[in-house]
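Report on one structure; see the data block that follows.
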Amino acid sequence: MSNVEICRVLRNVAAALSIKNEKKFRFQIIAYQKAADEIENSNVEVGDLLREKKLEKLPGVGASIRSHLEEMVNTGHVKHFDSILEDVPSAVFPLLDVTGFGPKKAFRLVNEFKLNNPETVFSDIQKLGKEGRIATLEGFGEKSQSDILRAIEEYGLGKTKGNRMVLPYAGQLADKLVDYLNKSKNVIRVSVLGSLRRRRSTVGDIDIAVASNEPGKVFDHFTTYPGIERIIERGDKSCSILATSGRQVDLMVAPPEGFGALLQHFTGSKAHNIHLREHALSKGLSLSEYGIRKVGTKKDESQIMKFKTEEEFYEALDMDWIPPELREDNGEIEAAIKHDLPNLVRLEDIKGDFHIHSSYPIEPSHDMGQNSMEEMIEQALKLKYKYLGFSEHSPSISKHSNRKIYEILTLRSKYIERLRLKYKNIIRIYSLLEIDILPDGSLAIEDEAMDLLDGGIVSIHSNFDMDKDKMTERVLKGLSHPKAKILAHPTGRLLNQRSGYELDWDLIFNFCKENKKAIEINAWPLRLDLPDTLVKRAVDKGVILVIDTDSHDLKQMEMMKYGISVARRGWATCNDILNTKSYNEIDEWIEI
DNA sequence: GCCGTTTTCGGCCCGACTGTTTTCAGTCG
């Protein structure tokens with residue numbers, strides 16, 4: 001049973017409890033939701049955590065939920081959950097994915113109209129709405145009826161919360177809005193917040209904060225943005241629109257003297273904020289987006305301490321300022337209190353890129369690059385790199401004999417040798433190659449050809465559906481070749497497209513650490529692979545990582561910043577990242 | 001149901017916005 005399925009059951013149990021008696025079960029509901037959040041963010045399957053007896057180490061999972069999950073994984077059912085869920089009609093649950101539907105509203109409609117078929121519940125409600133029957137219910141009206149119809153229609157069109165943008169797309173959308181907002185003379189400062197500021201690999205909504213003394217005028221300007229489909233809501237302090245791209249944009253406004261608290265609040269994450277507020281309460285302080293108030297004082301504006309900057313806000317709690325990428329409640333609050341936060345790697349620390357596909361005619365097994373080696377070297381110089389590694393895909397084994405492959409790579413070596421002479425003392429050039437790990441774990445080119453290289457970047461490009469143990473064995477065998485130096489895009493995931501294969505990460509990390517192999521953080525925005533949560537595990541184990549762009553043209557060499565975001569979210573410092581080192585250290589590591 | 005730098009019992013983050021209401025319930029972040 002997958003984590004996704006398990007989360008769904010836990011959330012359904014929470015929903016069923018709020019329908020039964022929200023007050024009575026208030027804290028159980030929060031507990032089930034928290035457990036679901038944690039499992040959702042875990043990159044290890046619950047079944048594996050159970051086998052390794054690590055499930056209870058997950059925050060929010062105690063003895064009770066652990067035993068329920070054990071029963072679920074073993075039998076597919078939990079008697080305790082079934083007894084909770086059996087009182088709630090099954091047609092309620094699909095509705096919970098629709099914006100604006102919570103447990104109460106969903107249950108109310110299903111119960112009033114006796115909607116018993118979860119398969120047809122959406123069309124049943126649409127029919128009732130069009131007949132005007134929803135508006136006749138007590139507590140509902142014409143407006144809520146039309147809101148419900150629109151929400152179901154938008155759900156059908158895929159405009160749901162689950163549908164997330166990759167970072168560059170979200171960034172471009174946000175940049176346009178920030179530029180537009182800056183045109184208003186009432187806007188003093190603009191900042192992008194939420195998961196985009198935390199640099200998560202995918203982003204749901206765009207959150208933007210503005211410092212201004214004229215929120216009404218800022219909202220007037222915002223709601224006349226040309227790329228707007230409709231206004232979702234508009235109050236005194238915040239305003240939400242649906243952009244024509246189908247994305248929700250939330251705008252919050254605060255006066256400049258209180259902007260720091262607003263930034264902190266809407267940067268999140270939710271888990272970070274909840275933990276931070278619990279910590280503050282233990283010191284007698286209550287936090288909100290307006291500032292900090294002593295517990296026991298009136299909820300009155302005059303009692304609130306205000307902060308222009310986030311730094312001042314965290315300082316008032318006797319903590320260091322926490323980089324947004326770390327704000328996921330993974331220990332950053334404890335570290336900030338002890339003044340023990342890591343010194344995270346920055347873009348300007350990067351001295352080179354090892355995963356570069358040029359247009360050199362290598363007749364590759366997969367796609368080739370668009371620009372010559374020289375063009376890419378010139379681009380590397382513009383980026384102030386000290387070294388660059390070329391790693392085209394190895395020549396196709398189906399189209400060439402081993403002899404032919406050796407000849408192609410010999411010519412390439414000679415060409416690279418000429419480039420080395422030309423760029424001597426300017427930039428160091430490494431002769432690498434991206435080599436497939438074949439299903440049996442062997443590498444796609446022969447040892448004789450491998451010897452022509454400084455090192456190999458090995459990766460999986462076929463037979464993705466092997467089971468975890470077999471795939472782990474395959475990768476370890478591939479990596480064990482003495483010339484294999486880097487494991488590229490290690491999970492094989494493509495964001496929003498495929499989840500990638502499973503590996504036994506403890507085995508992989510231990511092997512890499514013991515044998516001086518580096519694991520790649522691939523900066524390609526659809527990959528961002530190794531994922532941030534696994535980066536943190538690798539960093540904790542002391543595995544060496546390398547951030548590469550996997551560029552196929554000049555422009556793509558600037559994608560390094562996305563890999564940096566992943567590394568920072570995984571708590572990586574310069575010490576953890578190979579390509580922050582000098583080329584002398586690289587030479588030593590690669591054993592030239 | 002979870003959790004512990006005052007606690008293994010007694011707490012559990014904090015607020016905005018909307019629709020349908022005359023003071024609030026539901027949803028969302």
Side-chain angles (χ1 to χ4, degrees), chain A residues 10 13-15 17-19 22-38 56-69 80-81 84 95-96 98-109 134-148 151 161 193-195 204-207 209 215 219 231-240 248-254 261-262 264-293 295 299 304 318 329 333-334 337-338:
Chain A
L10 290 173
V13 169
L17 289 175
S18 18
I19 291 164
E22 188 161 44
K23 280 213 174 88
K24 181 178 167 191
F25 297 117
R26 189 166 152 216
F27 297 111
Q28 275 105 316
I29 292 165
I30 293 171
Y32 282 120
Q33 285 167 341
K34 169 117 204 283
D37 288 344
E38 287 293 336
E56 268 172 284
K57 287 188 180 161
L58 217 57
V61 178
S64 172
I65 291 183
R66 183 201 53 78
S67 83
H68 290 326
L69 293 185
H80 178 59
F81 290 173
I84 295 170
L95 292 172
L96 300 178
V98 181
T99 312
F101 273 86
K104 306 285 180 56
K105 193 186 286 180
F107 178 71
R108 187 77 204 289
L109 289 174
I134 293 174
T136 63
L137 288 182
E138 195 186 339
F140 289 76
E142 290 293 337
K143 186 66 168 67
S144 35
Q145 178 171 271
S146 62
D147 285 349
I148 286 168
K161 293 164 262 177
L193 309 180
S195 52
D205 298 339
I206 304 283
D207 295 305
F219 293 148
I231 299 167
I232 295 170
E233 60 185 26
R234 175 177 170 162
D236 297 335
K237 299 177 167 69
S238 72
C239 178
S240 297
Q248 184 170 335
V249 184
D250 299 331
L251 180 67
M252 278 70 61
V253 177
L262 186 73
Q264 197 288 320
H265 176 78
F266 282 104
T267 297
S269 65
K270 185 180 168 186
H272 173 87
N273 282 357
I274 290 175
H275 189 167
L276 194 67
R277 286 168 186 197
E278 284 168 351
H279 169 69
L281 275 182
S282 72
K283 306 180 70 155
L285 299 171
S286 172
L287 312 183
S288 76
E289 60 261 54
Y290 302 115
I292 302 180
R293 181 173 58 82
V295 173
K299 290 189 176 182
I304 295 177
D318 295 324
D329 194 22
I333 291 173
E334 293 81 353
I337 293 166
K338 287 189 276 183

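Each chain gets a letter, A, B and so on, in the order the sequences are listed, and its residues count up from 1. Reckoned from all heavy atoms, side chains included, excluding hydrogens, waters and symmetry mates.
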Protein-nucleotides 4-6 of chain B N/O pairs under 3.5 Å:
none

Determine the Euclidean distance between corresponding [atom1] atoms of [M] and [N]; express it in Å to zero decimal places.
N: B:dT23; M: B:dT18; atom1: C1'; result: 15 Å
N: B:dT8; M: B:dC2; atom1: C1'; result: 12 Å
N: B:dG11; M: B:dT6; atom1: C1'; result: 13 Å
N: B:dG26; M: B:dT21; atom1: P; result: 13 Å
N: B:dC9; M: B:dC14; atom1: P; result: 25 Å
N: B:dG15; M: B:dG10; atom1: P; result: 27 Å
N: B:dT22; M: B:dG29; atom1: P; result: 28 Å
N: B:dC28; M: B:dC13; atom1: C1'; result: 15 Å

Quiz prompt | Qualifying residues under ring pair (Phe, Tyr, Trp, His ring centres under 6.0 Å), relative to A:Phe81, sequence neighbours excluded | solution =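 If we apply the ring pair (Phe, Tyr, Trp, His ring centres under 6.0 Å) test to A:Phe81, skipping adjacent residues, the hits are A:Tyr32, A:His68.
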Quiz item: For A:His272, which residues count as a ring pair (Phe, Tyr, Trp, His ring centres under 6.0 Å) partner, sequence neighbours excluded?
Solution: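 With sequence neighbours excluded, A:His272 shows a ring pair (Phe, Tyr, Trp, His ring centres under 6.0 Å) to no residue whatsoever.
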Practice problem: Test A:Gln264 against A:Leu276 for side chain to side chain contact (heavy atoms under 4.5 Å, CB included), laying out the working first. | Solution: CA-CA 11 Å; A:Gln264 197 288 320; A:Leu276 194 67; 3.5 Å; yes
Quiz item: Taking atom CG of A:Leu287 and atom CD1 of A:Ile292, what is their separation to the nearest 0.5 Å?
Solution: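 Spacing of CG (A:Leu287) from CD1 (A:Ile292) equals 5.5 Å.
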Quiz item: Measuring from A:Lys23:NZ to A:Ser18:OG, what's the distance to the nearest 0.5 Å?
Solution: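 Rounded to the nearest 0.5 Å, the NZ-OG separation comes out at 13.0 Å.
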May I have the distance from [X] (atom [atom1]) to [N] (atom [atom2]), rounded to whole angstrom?
X: A:His275; N: B:dC2; atom1: NE2; atom2: P; answer: 18 Å
X: A:Leu137; N: B:dT21; atom1: CG; atom2: P; answer: 11 Å
X: A:Asp329; N: B:dC3; atom1: CG; atom2: C1'; answer: 13 Å

Practice problem: Assign a letter to each nucleotide of nucleotides 11-19 of chain B from its 5' end: B, base within under 4.0 Å of a protein heavy atom; S, sugar-phosphate only; -, no contact. | Solution: -BBBSSSSS
Quiz item: Which part of the nucleic acid, if any, lies within reach of A:His272 when heavy atoms closer than 4.0 Å are counted: base, sugar-phosphate only, or nothing?
Solution: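 Nothing, no heavy atom under 4.0 Å.
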Practice problem: Would you classify A:Phe25 as touching base, sugar-phosphate or nothing, given that sugar-phosphate means primed atoms plus P, OP1 and OP2, and contacts are heavy atoms under 4.0 Å? | Solution: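 Nothing, no nucleic acid heavy atom in range.
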Quiz item: Step by step, would you call A:Ile134 with A:Leu109 a side chain to side chain contact (heavy atoms under 4.5 Å, CB included)?
Solution: CA-CA 8 Å; A:Ile134 293 174; A:Leu109 289 174; 4.1 Å; yes
Self-check item: Note, A:Gln248 side chain near A:Ile206 side chain (heavy atom, < 4.5 Å)
Solution: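 The answer is no, as the side chains (C-beta and beyond) never meet within the 4.5 Å cut-off.
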Quiz item: Is there side-chain contact between A:Phe107 and A:Leu95, with heavy atoms separated by less than 4.5 Å?
Solution: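 Not touching, per the 4.5 Å side-chain cut-off.
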When you compare the protein's N or O atoms with those of nucleotides 25-27 of chain B, which come within less than 3.5 Å of each other, and at what distance?
from	atom 1	to	atom 2	distance (Å)
B:dG26	OP2	A:Lys104	NZ	3.1
B:dT27	OP1	A:Gly102	N	2.7
B:dT27	OP1	A:Gly102	O	3.0
B:dT27	OP1	A:Lys105	N	2.9
B:dT27	OP2	A:Lys104	N	3.4
B:dT27	O5'	A:Gly102	N	3.4

Self-check item: Contact summary for A:Glu38 and A:Leu58, nearest pair of heavy atoms
Solution: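 For A:Glu38 and A:Leu58, the tightest heavy-atom pair comes out as CB-CG, 4.2 Å.
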Quiz prompt | Closest approach of A:Asn273 to A:Gly268 (non-hydrogen atoms, all atoms of both residues) | solution =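 It is ND2-CA, 3.8 Å.
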Self-check item: Derivation of the side chain to side chain contact (heavy atoms under 4.5 Å, CB included) call for A:Phe140 and A:Ile148
Solution: CA-CA 10 Å; A:Phe140 289 76; A:Ile148 286 168; 3.9 Å; yes
Quiz item: For B:dA25, which nucleotide is its Watson-Crick or G-U wobble mate, given both distances must be under 3.5 Å?
Solution: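 Here B:dA25 is engaged in a pair, and the nucleotide opposite it is B:dT18.
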Quiz item: What pairs meet the salt bridge (Lys or Arg N to Asp or Glu O under 4.0 Å) rule with one or both residues in residues 269-291 of chain A, with sequence neighbours excluded?
Solution: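 The answer is A:Lys283-A:Asp318.
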